Amino acid sequence: MNETSLPQDSTKSLFVSLLKQEYQFRQTKNPRYSMRSFAKCLEVDQSLLTKILNGKRNPSKPFIQKVNERLGVDLIEAEQENEVPDSNYQAVEDTFHLMSEWYHFALLELARTKEFVAEEDWICKRLRINPGQLKL
């Protein structure tokens, strides 16, 4: 096995590690953020999520797919290929943190409204964010 290929278990543990980081990241933004809230956001069972994060259960393919959809990350494809190049680690981690910012979801929801105007100033004013955050 070369340095750029990882066994399937390593992919799953990378997934769990990134999931833990995402939960901790959200807790740093809101110290009262709970496992229940995280599970609700991911639309998964809280007890299952807790067991996976504590290493008592391995995530199944359907679980990984569901979390991927909710967070906008795709680790399942790498698992199927049984290879995850080192260069993808940073990209996956960046995507987790990027999509965890509240304004990304707010922008997606705002774009669905009838009064949406696709202009930087209007969006920044509406979401009360700066242009740098919008460009992310």
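Only a predicted model underlies this, so the values are computations on that prediction, with no experimental measurement involved.
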Checklist line | Nearest-0.5 Å distance, CD of residue Gln24 to CZ of residue Phe38 | finding: 10.0 Å

Notebook entry, point to check: Quick one: side-chain hydrogen bond (donor to acceptor under 3.5 Å, both in side chains) partners of Arg32, sequence neighbours excluded?
Noted result: none

Next item on the list: Please check if the side chain of Tyr33 supplies one atom and the backbone of Tyr23 the other of a donor-acceptor pair under 3.5 Å.
Entry: no

Next item on the list: Please check if the side chain of Lys51 supplies one atom and the backbone of Lys56 the other of a donor-acceptor pair under 3.5 Å.
Entry: no

Margin query: Is it true that Ser47 and Thr50 share a donor-acceptor pair across their side chains at a distance under 3.5 Å?
Written below: no

Item checked: Steps toward side-chain contact (heavy atoms from CB on, under 4.5 Å) verdict (Cys41, Arg26) -> CA-CA 11 Å; Cys41 171; Arg26 291 176 183 217; 3.1 Å; yes

Next item on the list: Answer whether the closest heavy-atom distance between the side chains of Leu19 and Leu49 falls below 4.5 Å.
Entry: yes

Checklist line | Inter- and intrachain pairs under salt bridge (Lys or Arg N to Asp or Glu O under 4.0 Å), touching residues 35-45, at least two apart | finding: Glu43-Arg70

Notebook entry, point to check: Going through the distances and angles, do Ile52 and Val44 end up as a side-chain contact (heavy atoms from CB on, under 4.5 Å)?
Noted result: CA-CA 11 Å; Ile52 288 171; Val44 297; over 6 Å; no

Margin query: Nearest 0.5 angstrom please: Trp122 CH2 to Leu127 CG, how far?
Written below: 8.0 Å

Item checked: Residue pair Phe116, Ile123: steps toward the side-chain contact (heavy atoms from CB on, under 4.5 Å) verdict -> CA-CA 8 Å; Phe116 180 72; Ile123 295 170; 3.8 Å; yes

Note to self: Measuring from atom CE of Met35 to atom CG of Leu42, what distance do you get when rounded to the nearest 0.5 angstrom?
What the structure shows: 10.0 Å

